[in-house]
Amino acid sequence: MLPTFENLLLSVTDGVATIRFNRPKALNALNEATLRELRNALLFVEAHAAGREGEPQIDVVILTGEGEKSFVAGADILEMKDKTVEQGEAFARLGQSVTRALELIPQPVIAAVNGFALGGGCEFAISCDFILASENAVFGQPEVALGILPGFGGSARLARFVGQPRARELIYTGRKIKAAEALRIGLANEVLPLASLLTRANEIAQEIRKNSPLAVARSKKLMNHIYTMPIDSALREEALVFGSIFGSHDQREGMGAFAEKRKANFKGE
Ligand code: CAA
């Protein structure tokens with residue numbers, strides 16, 4: 001039985017969990033309740049990774065927004081506007097705990113950005129493994145126009161996606177950019193008509209699902225871990241993780257299947 005939420009929709013089909021932000025009247029702005037619900041949804045997703053007990057098995061996650069206008073238009077400004085210093089910090093920590101969870105769960109997460117991805121919305125998108133954008137998508141970190149700054153990981157992560165100079169420009173100007181520019185600067189992997197966004201996200205998810213869930217999960221963890229390391233430390237880590245996968249069911253099965261010219265039957269173990 002899938003959990004239900006007030007501000008999120010969760011469905012699982014063919015090993016792919018789709019999580020939709022569902023406050024379309026507020027353009028899916030993130031209030032505290034939504035952040036807590038998403039944290040719980042990701043705990044559910046993690047407990048259903050391959051090799052764990054949970055049914056149904058979840059191999060890939062798609063994160064998107066309900067409606068045709070917005071992925072997430074940012075943190076909920078109306079809920080946030082009277083916060084104190086302590087409450088502001090606590091709110092940032094809450095948002096960060098969820099963006100970090102997107103990076104820490106073993107399954108790859110595809111952001112299907114179906115409209116506005118502003119402020120916290122852009123920060124959630126860049127915490128996913130990669131971004132597919134609809135033609136009407138609009139990205140930006142407009143926080144400085146509100147007298148604040150990105151606090152759900154944008155100050156820390158945006159430069160990792162687009163490089164320091166572009167991240168500085170986007171954050172200091174608060175400029176909103178369209179999907180085509182997001183593609184040009186490497187923020188989005190692909191731009192698609194809105195009507196085909198989820199079809200394409202599911203297609204990529206199924207492409208990922210053909211592989212060993214264990215190898216995909218180890219790749220995700222390793223790549224996140226070594227991304228900012230000096231090259232020699234990163235290579236040491238890579239060799240350790242490469243070695244650690246030998247002897248696993250999936251390694252024996254994947255290489256055995258190749259040798260026997262048959263399709264591999266992976267278990268994520
Ligand atoms: N918080 C709360 N409500 C929001 C919201 C937000 N971030 N964004 C939109 N809404 C609400 C509006 O208040 C409006 O509600 P009502 O119908 O009750 O008035 C409804 O959504 C529709 O919005 P608009 O009428 O403004 O729609 P539009 O199409 O004219 O404009 C928009 C769309 C350009 C996205 C505009 O809504 C906007 O600028 N939103 C704010 C974007 C923003 O600044 N985001 C950053 C937030 S701060 C942040 O995220 C901090 C952080 O790092 C954690």
Side-chain angles (χ1 to χ4, degrees), residues 5-9 19-39 42 63-103 109 111-128 131 133-162 164 166-182 187-188 194 197:
F5 304 96
E6 200 179 321
N7 302 313
L8 296 177
L9 297 170
I19 303 176
R20 287 172 195 265
F21 296 105
N22 187 29
R23 295 184 75 211
K25 285 194 182 130
L27 299 182
N28 299 326
L30 296 169
N31 57 9
E32 292 188 10
T34 308
L35 292 170
R36 292 210 168 82
E37 287 187 347
L38 182 51
R39 204 163 56 182
L42 294 176
L63 188 63
T64 191
E66 184 62 6
E68 301 194 336
K69 209 175 156 186
S70 188
F71 174 71
V72 168
D76 191 319
I77 300 168
L78 305 179
E79 191 188 71
M80 197 171 28
K81 69 183 183 21
D82 296 321
K83 286 195 186 300
T84 62
V85 168
E86 290 74 21
Q87 289 166 339
E89 184 180 334
F91 188 53
R93 285 191 199 286
L94 173 63
Q96 288 174 357
S97 73
V98 192
T99 52
R100 189 72 179 126
L102 289 167
E103 292 174 335
V109 185
V113 173
N114 58 311
F116 294 114
L118 299 174
C122 189
E123 293 172 291
F124 268 79
I126 62 174
S127 303
C128 297
I131 297 173
S134 60
E135 284 163 349
N136 65 323
V138 177
F139 295 83
Q141 297 288 166
E143 285 88 345
V144 290
L146 297 166
I148 59 168
L149 62 151
F152 287 175
S155 311
R157 287 195 183 94
L158 189 57
R160 297 183 186 200
F161 252 77
V162 298
Q164 278 281 19
R166 285 197 168 110
R168 289 192 185 112
E169 189 179 343
L170 285 172
I171 289 174
Y172 302 167
T173 63
R175 185 191 306 140
K176 299 179 181 75
I177 61 168
K178 293 186 175 163
E181 190 175 351
L187 188 53
L194 181 62
L197 183 67

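What you see below is based on every heavy atom in this structure, not just the backbone, and it leaves out hydrogens, waters and symmetry mates. Along the sequence shown, residues are numbered consecutively beginning with 1. Start at 1 and go down the list; that is how both ligands and their atoms are numbered. The shown structure was predicted, so the numbers you read here are calculated from the model rather than taken from an experiment.
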Beyond-backbone contact of V109 with I19, side-chain heavy atoms, under 4.5 angstrom: no
Any side-chain heavy-atom pair of E68 and N136 under 4.5 Å: no
Residues lining ligand 1 [heavy-atom distance under 4.0 Å, listed by chain and residue number]: K25, A26, L27, A29, K69, A73, G74, A75, D76, I77, M80, F116, L118, G119, G120, E123, P142, E143, L146, I148, P150, G151, F152
CA sep, side-chain torsions, deciding dist, call: E103, R100, salt bridge (charged side-chain N to carboxylate O under 4.0 Å, His left out): CA-CA 5 Å; E103 292 174 335; R100 189 72 179 126; 2.6 Å; yes
Flag for R23-T34: side-chain donor and acceptor within less than 3.5 Å: no
Neighbour count >12 (heavy atoms, 6.0 Å) for atom CD, E135: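 Buried by this count: over 12 neighbours within 6.0 Å.
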Non-hydrogen atoms of L102 and S127 that approach each other most closely: CB-O, 3.7 Å
